[in-house]
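The structure appears below as structure tokens.
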Amino acid sequence: MKSYEVNFDGLVGPTHNYGGLSYGNVASQSNSQQSSNPKEAALQGLAKMKALMDMGFQQGVLAPQERPDVAALRRLGFAGSDAQVIQQAAKEAMPLLVASCSASSMWVANAATVSPSADTADGRVHFTAANLNCKYHRSIEHPTTSRVLGAMFANQQHFAHHAALPAVAQFGDEGAANHTRFCRAYGEAGVEFFVFGRSAFDTRYPAPQKYPARQTLEASQAVARLHGLREEGVVYAQQNPSVIDQGVFHNDVIAVGNGEVLFYHEDAFLETDKMLAELSAKLAKVGGKFQSVCVPRSAVTVDDAVRSYLFNSQLLSRPDGSMLLIVPEECRGNERVWQYLQGLTGTGGVIREVKVFDLKQSMQNGGGPACLRLRVALNETELAAVNPGVIMTAPLYDSLTQWVERHYRDRMTENDLADPQLLLECRGALDELTQILKLGSVYPFQIN
Ligand code: SUG
């Protein structure tokens, strides 16, 4: 049976702004308080989805969330009408209003961890929504994420959904941003690779000193158990704490994998040789031949990787078996990175082509091409069971583009977030969106 990797991209929401909310994420911190352009952000994301679809890849779309999250503000004690809640928060606790307005759900690599049916004990595709509990503005995403994923993958015969892990730092889980899967073909059993930043219960593991390690070993292990993965089909590795302290807040900022290939930076992991040997041995057991492409620090420094987002790229398989790398424009702007990429594609290795995309609006908050997509490997039957409303087509691209043009503002600053009118605009837009994507009622304003 045919199988595919389907990329579901997060549609940027109408409140996209630079809130400076993510300590440890260099771009988020350095662009804090700049004015943003939500319309441009959404159109840049849609252009990437359209381009991948036009290249022949399976592409889907994942809806943004209701923001401002008035219900979250009410849980923090703000009261009255919706407009009063927003005005009171703006007056008394602006950082909380900003957090409740974040469009951060666009980075759907953090929405969930997904295990394809070929890896799981019950033969279904498993999803665990990420609790994202390292940052308040992200910790409020998972209830709606679960409803949206439930509406997209609604068939219980093929899809199993797990609620987010307990919402404490010991089970900090950032979803697919710290998870990669290696396989010979998408429909065959593979090796799932979980990368954690620290252990919550075992003090023998080192931890970063400056910035938080968002993913714990115990969270990764819990997800593997929930999904029914076999021990021979799983490898755990620890991120190098020193790169976390240099701004590598997720593993997908320093490594990306696809098929039988891991593309990574020399400083990305601890005990790299042991980890590569385990990946190679376990992939061999399911018939695969593991290949690693290491980028040496002498060619590209960790700082170059953080600034350019070289590794936050999409590594895609082409029909002839070679691979294509989708990188952000910032890679072309960094001389060392660009030179490295010219060499990489010119030497007859597996990565043959690089395509550059302008995703500046998202990049300024630390979200590159790979952050914007959630990969779901599906066989033909499973793909047919996905809600067809969320699969990208030329007409869907046109309607989403027109929808963005109609509803989105082209400038947003902190002052705009305090405008109660913004809530009404967003709800109107999202109500229409759920009809376009045939999601039913998924937002708090639609179900309460
Ligand atoms: O969680 N930025 C996100 C970026 C997530 C990138 N995702 C992956 N690497 N997979 C984060 O730090 C910034 C929001 C603000 O500052 O306005 C933010 O949430």
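When a ligand or atom number is given, it counts from 1 through the structure's own listing order.
- For the pair Phe249 and ligand 1, the shortest N or O to N or O distance does not fall below 3.5 Å.
- Polar contact check, Glu174 against ligand 1: no nitrogen or oxygen pair lies under 3.5 Å apart.
- For Arg307, the CZ atom is loosely surrounded, since the number of other residues' heavy atoms within 6.0 Å does not exceed 12.
- In this structure, Arg409 pairs ionically with Glu425, as a charged nitrogen and a carboxylate oxygen lie closer than 4.0 Å.
- Taking the six-membered ring for Trp and the full ring otherwise, the centers of Tyr211 and Tyr23 sit less than 6.0 Å from each other.
- Side-chain contact annotation: His407 with Glu432, donor-acceptor N/O pair under 3.5 Å present.
- By the 4.0 Å N-to-carboxylate-O rule, Asp267 lies close enough to Arg297 to be salt-bridged with it.
- Of all protein heavy atoms, the one lying nearest to atom 10 (N) of ligand 1 is Asp252 OD2, 2.7 Å.
- Contact detail for Asn25 and Asn365: the closest heavy-atom pair is ND2-O, 3.1 Å.
- Proximity of Asn17 to ligand 1, defined as any heavy-atom pair under 4.0 Å, is confined to the backbone N, CA, C and O atoms.
- Close N/O approach between Ser102 and ligand 1 is not found [any backbone or side-chain N/O within under 3.5 Å].
- Glu218 is linked by a side chain to side chain contact (heavy atoms under 4.5 Å, CB included) to Phe171, Ser199, Ala200, Phe201, Thr216, Gln221, counting only residues two or more places apart in sequence or in another chain.
- Annotation for ligand 1: atoms under 4.0 Å from non-hydrogen atoms of Arg214 are 1 (O), 11 (C), 12 (O).
- Residue Trp107 has no N or O atom closer than 3.5 Å to an N or O atom of ligand 1.
- Here the CD-CG distance, from Gln58 to Asn7, works out to 10.0 Å after rounding to the nearest 0.5 Å.
- Both the backbone and the side chain of Asn365 come within contact range of ligand 1, each with a heavy atom under 4.0 Å.
- Remark: ligand 1 and Leu21 share an N or O pair separated by less than 3.5 Å (distance only, no angle test).
- For Phe263 and His265, the gap between ring centers reaches or exceeds 6.0 Å.
- Of the polar atoms of Arg138, at least one N or O is found under 3.5 Å from an N or O of ligand 1, judged by distance alone.
- Not one N or O of Ser104 is nearer than 3.5 Å to an N or O of ligand 1, by distance alone.
- Of all the heavy atoms of Lys135, none lies under 4.0 Å from any atom of ligand 1, so neither backbone nor side chain is involved.
- Distances below 4.0 Å separate heavy atoms of Ser28 from the following atoms of ligand 1: 13 (C), 15 (C), 16 (O).
- Inclusion of Gly19 in the set of residues having an N or O under 3.5 Å from an N or O of ligand 1 is warranted.
- No more than 12 heavy atoms of other residues, nucleotides or ligands lie within 6.0 Å of CD in Gln339, so this atom counts as exposed by the packing criterion.
- With a heavy-atom cut-off of 4.0 Å, Ala109 touches ligand 1 through its side chain alone.
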